[in-house]
Amino acid sequence: MKVIIVKDKQAMGKRSAQLIAEDMQKRTPYVLGLATGSTPLPLYKEFIAMNKAKDLDFSSVITFNLDEYVGLPPQHDQSYRYFMNTELFDHINIQKKNTFVPDGMAASPEDFCAHYEAMIKDVGGIDYQVLGIGSNGHIAFNEPGSSLASRTRVVPLTENTRKDNSRFFKSIHEVPTRAMTMGIGTILEARKIILLACGENKAEAVARALQGPVTAMVPASALQMHPDVTFVITEDAAPQLKTPYGSYFEKQ
Ligand code: GLP
């Protein structure tokens with residue numbers, strides 16, 4: 001595990017964009033796994049700036065998003081498809097047909113999940129997977145208790161996550177109760193993984209993910225079993241780390 005501790009969100013965005021952009025030069029077409037939530041926004045801002053400056057080309061990039069709420073159509077302003085379009089895809093030279101987000105309105109969400117797995121396999125797997133982390137240690141929508149070998153599937157959302165995410169909705173009652181999510185096993189198949197975290201409300205989850213026991217009760221702890229994971233975290237998300245080192249440690 002590599003741990004990079006940066007001053008603030010802007011630095012988190014810059015450092016993570018740099019790492020991903022470097023790897024993107026190695027392969028064409030390149031397959032990026034993307035995440036939603038407020039944490040990856042500084043990374044997406046950086047991608048947009050690099051693309052506008054002609055430093056980063058997305059024309060042959062394929063993307064797969066981690067998850068989507070069941071029951072929200074793509075034009076709903078809280079759907080993850082809407083989020084990805086407005087925060088990233090509409091502003092870079094990516095071909096929209098190469099961007100994939102689980103379909104929250106699929107007639108059979110279960111069948112769709114199997115199809116999503118097959119699509120990822122068809123393009124040869126994910127090269128770099130971007131992750132955030134929930135305050136309870138969840139990754140994508142793999143809540144505590146998810147099997148570490150889980151695949152893309154339909155899951156119920158915990159009250160904790162619905163409460164955390166209710167800040168984006170008019171009230172908690174409007175937050176969907178189910179989602180489609182890549183599984184932990186699916187995520188672990190990516191060649192490289194980068195986890196971003198900022199804010200003191202993530203400090204405990206970060207420490208348990210990096211240095212706690214590997215357990216289904218902290219889904220992000222499964223990343224300890226992956227050979228190429230980098231955590232890029234802000235100072236305020238790091239204080240609970242005991243000895244903040246991995247195979248590589250950098251403090252800016
Ligand atoms: C949601 C997403 C996760 C994300 C988490 C944290 O639950 N499904 O992928 O990591 O929110 O969101 P934020 O970055 O806004 O704290």
Find the distance between [atom1] ([X]) and [atom2] ([Y]) and round it off to the nearest 0.5 Å.
| X | Y | atom1 | atom2 | result |
| --- | --- | --- | --- | --- |
| M12 | L43 | CE | CG | 7.5 Å |
| S60 | N93 | OG | CG | 9.0 Å |
| I20 | Q129 | CD1 | CD | 9.5 Å |
| Q240 | E204 | CD | CD | 5.5 Å |

Measuring only between side-chain heavy atoms, which start at C-beta, is [X] closer than 4.5 Å to [Y]?
| X | Y | result |
| --- | --- | --- |
| M182 | I120 | yes |
| M24 | F58 | yes |
| I92 | V61 | no |
| V70 | F141 | no |
| E68 | S79 | yes |
| H91 | N51 | no |
| F89 | T63 | yes |
| T234 | V6 | yes |

Has [X] got a side-chain atom pairing as donor or acceptor with [Y]'s backbone, closer than 3.5 angstrom?
| X | Y | answer |
| --- | --- | --- |
| S150 | I184 | yes |
| E143 | P156 | no |
| N136 | P144 | no |
| N85 | D90 | no |
| Q224 | G212 | yes |

(request) Please lay out, stage by stage, how I4 and L19 fare under the test side chain to side chain contact (heavy atoms under 4.5 Å, CB included). (result) CA-CA 11 Å; I4 301 179; L19 289 169; 4.0 Å; yes
Which heavy atom in [X] sits nearest to a heavy atom in [Y], and how many Å separate them?
| X | Y | result |
| --- | --- | --- |
| S166 | I172 | CB-CA, 3.8 Å |
| A222 | L148 | CB-CD2, 3.9 Å |
| N98 | S59 | ND2-O, 4.5 Å |
| A209 | A220 | CB-CB, 3.6 Å |
| D228 | K192 | OD2-NZ, 3.2 Å |
| G33 | I126 | N-CG2, 3.7 Å |

(message) Over 60° means perpendicular and under 30° means parallel, so tell me whether F112 and H115 are parallel, tilted or perpendicular.
(response) perpendicular
(message) Quick check on side chain to side chain donor-acceptor pair (under 3.5 Å): which of N65, T86, T99, T36 does R81 satisfy it with?
(response) T99
Sequence-distant partners of [X], side-chain contact (heavy atoms from CB on, under 4.5 Å), two or more places apart:
| X | value |
| --- | --- |
| K251 | I5, E235, F249 |
| N201 | none |
| C113 | T152, V154, M180 |
| A205 | I133 |

(message) Let's go through I139 and L195 carefully: what are the C-alpha distance in whole Å and the side-chain angles of both, what is the deciding distance for side chain to side chain contact (heavy atoms under 4.5 Å, CB included) to 0.1 Å, and is it a yes or a no?
(response) CA-CA 9 Å; I139 47 176; L195 183 143; 4.2 Å; yes
(request) Among L223, T39, L196, find the one that has a side chain to side chain contact (heavy atoms under 4.5 Å, CB included) with L131. (result) L223
(message) Regarding E189 and K121, does a basic nitrogen lie under 4.0 Å from an acidic carboxylate oxygen?
(response) no
(message) Any carboxylate oxygen within less than 4.0 angstrom of a Lys/Arg side-chain nitrogen, looking at K202 and D236?
(response) no
Would you say [atom1] of [X] has more than 12 non-hydrogen atoms from neighbouring residues, nucleotides or ligands within 6.0 angstrom?
| X | atom1 | result |
| --- | --- | --- |
| K96 | NZ | yes |
| E200 | CD | no |
| E22 | CD | no |

Verify the cluster assignment for [X] and [Y]: are they in a single hydrophobic cluster under the rule of side-chain heavy atoms below 4.5 Å apart?
| X | Y | value |
| --- | --- | --- |
| V214 | L241 | yes |
| M217 | V206 | no |
| I193 | V218 | no |
| L41 | Y82 | no |

(message) Before you tell me yes or no, could you show the steps for Y69 and F169 under ring pair (Phe, Tyr, Trp, His ring centres under 6.0 Å), namely the whole-Å CA-CA distance, both residues' side-chain angles and the distance that decides it to 0.1 Å?
(response) CA-CA 13 Å; Y69 291 111; F169 292 80; 5.8 Å; yes
(request) Evaluate side chain to side chain contact (heavy atoms under 4.5 Å, CB included) for H226 paired with I187, printing each intermediate quantity in order. (result) CA-CA 10 Å; H226 189 282; I187 292 168; over 6 Å; no
(message) Which residue is it: F100, Y30, Y80? I am looking for the one with a ring pair (Phe, Tyr, Trp, His ring centres under 6.0 Å) to F64.
(response) F100
(message) Between R153 and N142, is there a side-chain donor-acceptor contact under 3.5 Å, judged purely by atom types and distance?
(response) yes
(message) Under the criterion side chain to side chain contact (heavy atoms under 4.5 Å, CB included), I'd like the reasoning laid out for L34 against Y44: C-alpha separation, chi angles, the key distance, then a yes or no.
(response) CA-CA 10 Å; L34 296 176; Y44 297 158; 3.6 Å; yes
(message) According to ring pair (Phe, Tyr, Trp, His ring centres under 6.0 Å), who are the partners of F231, at least two apart in sequence or on a separate chain?
(response) none
(request) Applying side chain to side chain donor-acceptor pair (under 3.5 Å), name anything that partners N160, two or more places apart in sequence or on another chain. (result) none
